[in-house]
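Below: the structure, in structure tokens.
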Amino acid sequence: MGTFISSEQDGAVAVVTIDNPPMNALSSALLDELEAELDRLDTDPATRAIVLRGGGERAFVAGADIKEFPALREQAAGESGPARGLLKLGHRMDAAHTPFVAAIQGYCLGGGLELAMCCDVRVCADDAKLGQPEIKLGLIPGGGGTQRLPRLVGCGRAMLLNLGGEFIDAATAYEWGLVEKVVPAAEVVAAATGLAATFAARSPHAVSVLRELARSTRDLPLEEGLRREADAFRRCLASEDGREGVAAFIEKREPTFSGR
Ligand SMILES: CCCCCCCCCCCCC[C@H](O)CC(=O)SCCNC(=O)CCNC(=O)[C@H](O)C(C)(C)COP(=O)(O)OP(=O)(O)OC[C@H]1O[C@@H](n2cnc3c(N)ncnc32)[C@H](O)[C@@H]1OP(=O)(O)O
């Protein structure tokens with residue numbers, strides 16, 4: 001484990017904790033550690049789903065580490081720093097075979113919400129606050145807040161959050177489709193881990209095919225997306241897990257998926 005990132009195995013679910021008190025701000029060093037840990041877990045066959053949570057109770061992640069920004073300004077574009085770190089992390093999560101569930105408690109702001117939006121599903125504490133307050137700093141979101149957010153909540157609501165910089169509560173986030181489940185704060189990690197365990201019990205091959213298909217077709221015309229879905233369905237049908245799942249149903253038994 002590193003300075004900021006730790007993970008615990010709960011069966012086939014890895015619970016990854018981001019720990020940078022008091023607000024789990026995403027520093028460059030933290031992002032490097034997080035990417036390395038997610039890369040290790042994504043290539044570990046014993047891990048079939050990953051939960052991301054913030055340490056402490058005040059925040060999931062309250063954003064990029066603002067205190068790094070003055071130094072960042074001096075760096076040439078593309079060099080190290082949260083901006084580079086965020087792009088690499090987002091691409092790595094997008095390309096993963098393993099599904100991600102965000103367990104959001106407290107503040108989920110800026111780069112923290114951008115990180116949560118890189119997850120497949122978001123479980124949110126009922127007293128959490130979410131937003132993209134970068135505009136209050138004279139900045140704009142730089143980790144997906146102008147790209148992933150509109151795809152989740154719609155262009156108008158994304159601009160409402162990005163232009164206003166105000167926070168929304170969990171109920172609003174759920175109503176807008178920004179989070180998929182809202183639970184009491186004390187239950188958020190257990191609920192996220194339970195959901196991750198459901199994903200972990202499914203065929204790793206089908207989960208991987210589904211994640212790749214969803215990512216690679218999200219901006220394609222419907223007809224092309226349907227064509228690629230049909231190809232992917234045929235791949236799953238012919239796979240070892242596809243054969244096992246169908247046979248298990250016909251033989252009225254639980255499947256044992258190999259992930260191939
Ligand atoms: C493409 C894939 C992306 C993958 C995701 C990875 C993202 C990578 C991140 C880099 C991306 C950059 C782009 C990003 O969009 C930019 C940002 O995130 S900018 C930051 C956005 N966040 C904010 O603006 C929130 C700032 N914080 C606050 O408004 C308040 O702190 C609060 C959260 C409302 C809480 O208020 P209070 O309860 O009053 O507490 P304090 O304000 O006193 O804070 C306590 C303590 O914490 C320090 N702190 C809080 N937030 C940050 C922060 N973001 N960075 C650094 N430090 C922070 C605060 O300064 C206090 O410190 P102290 O004074 O005690 O030393």
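As the structure lists them, so they are numbered: ligands from 1, and atoms in each ligand from 1.
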Taking 4.0 angstrom as the limit, do R40 and E37 come out as a salt bridge? yes
D65 near ligand 1, heavy-atom distance under 4.0 Å? yes
Are any of the N/O atoms on R148, whether in the backbone or the side chain, positioned under 3.5 angstrom from an N/O atom of ligand 1? no
Contact check: R58 vs ligand 1, nitrogen or oxygen atoms, below 3.5 angstrom: yes
Minimum heavy-atom separation for A201 and F257, please, with both atom names. O-CD1, 3.8 Å
Of all heavy-atom pairs between E114 and G145, which one has the smallest distance, and what is that distance? OE2-N, 2.9 Å
Could you tell me which atoms of ligand 1, counted from 1 in the order shown, lie closer than 4.0 angstrom to a heavy atom of A25? 53 (C), 55 (N), 56 (C)
Would you mind running through ligand 1 and noting each atom that sits below 4.0 Å from a heavy atom of G111? 5 (C), 7 (C), 14 (C), 15 (O), 17 (C), 18 (O)
Return a yes/no value for Y107: is any of its N or O atoms, backbone included, closer than 3.5 angstrom to an N or O of ligand 1? no
Consider every N or O of G142 and every N or O of ligand 1, then say whether any pair is closer than 3.5 Å. yes
By number and element, which atoms of ligand 1 are closer than 4.0 Å to a non-hydrogen atom of L109? 25 (C), 33 (C)
Contact atoms of ligand 1, heavy-atom distance to G143 under 4.0 Å: 1 (C), 2 (C), 3 (C), 13 (C), 15 (O)
Check L139 against ligand 1 and report side chain, backbone, both or neither, counting heavy atoms closer than 4.0 Å. neither
Is it the case that the side chains of T47 and Q9 hold a donor-acceptor pair, with the cut-off being a distance below 3.5 Å and no angle test? yes
Check R228 with D231, please: is the shortest side-chain N to carboxylate O separation under 4.0 Å? no
What's the shortest heavy-atom distance between C108 and A116, and which atoms? SG-CB, 4.0 Å
For ligand 1, which atoms, with element, lie under 4.0 Å from some heavy atom of E114? 5 (C), 13 (C), 14 (C), 15 (O)
Under 4.0 Å from a heavy atom of E134: give me the atoms of ligand 1 that qualify, with their elements. 14 (C), 15 (O), 16 (C), 17 (C), 18 (O), 19 (S)
What I want to know is whether C118 and ligand 1 share at least one N or O pair that is separated by under 3.5 angstrom. no
If you compare all heavy atoms of A103 against all heavy atoms of V51, which two are closest, and at what distance to 0.1 Å? CB-CG1, 4.0 Å
A64, any N or O under 3.5 Å of ligand 1 N or O: yes
Quickly, which of R148, R211, K88 forms a salt bridge (Lys or Arg N to Asp or Glu O under 4.0 Å) with D94? Name it, please. R148
Atoms in ligand 1 flagged as close to L26, the criterion being non-hydrogen separation under 4.0 Å: 6 (C), 7 (C), 8 (C), 9 (C)
Between ligand 1 and A62, is the shortest N or O to N or O distance under 3.5 Å? yes
Considering only heavy atoms of P141, which atoms of ligand 1 have at least one such atom less than 4.0 Å away? 15 (O)
Within 6.0 angstrom of E8 CD, more than 12 heavy atoms from elsewhere: no
Salt bridge (Lys or Arg N to Asp or Glu O under 4.0 Å) partner of E244, the single match among R253, R260, R202: R253
Grab the two heavy atoms, one from A173 and one from L130, that are nearest each other, plus how far apart they are. CB-CD1, 4.0 Å
Purely on distance, is any nitrogen or oxygen of L115 under 3.5 Å from one on ligand 1? no
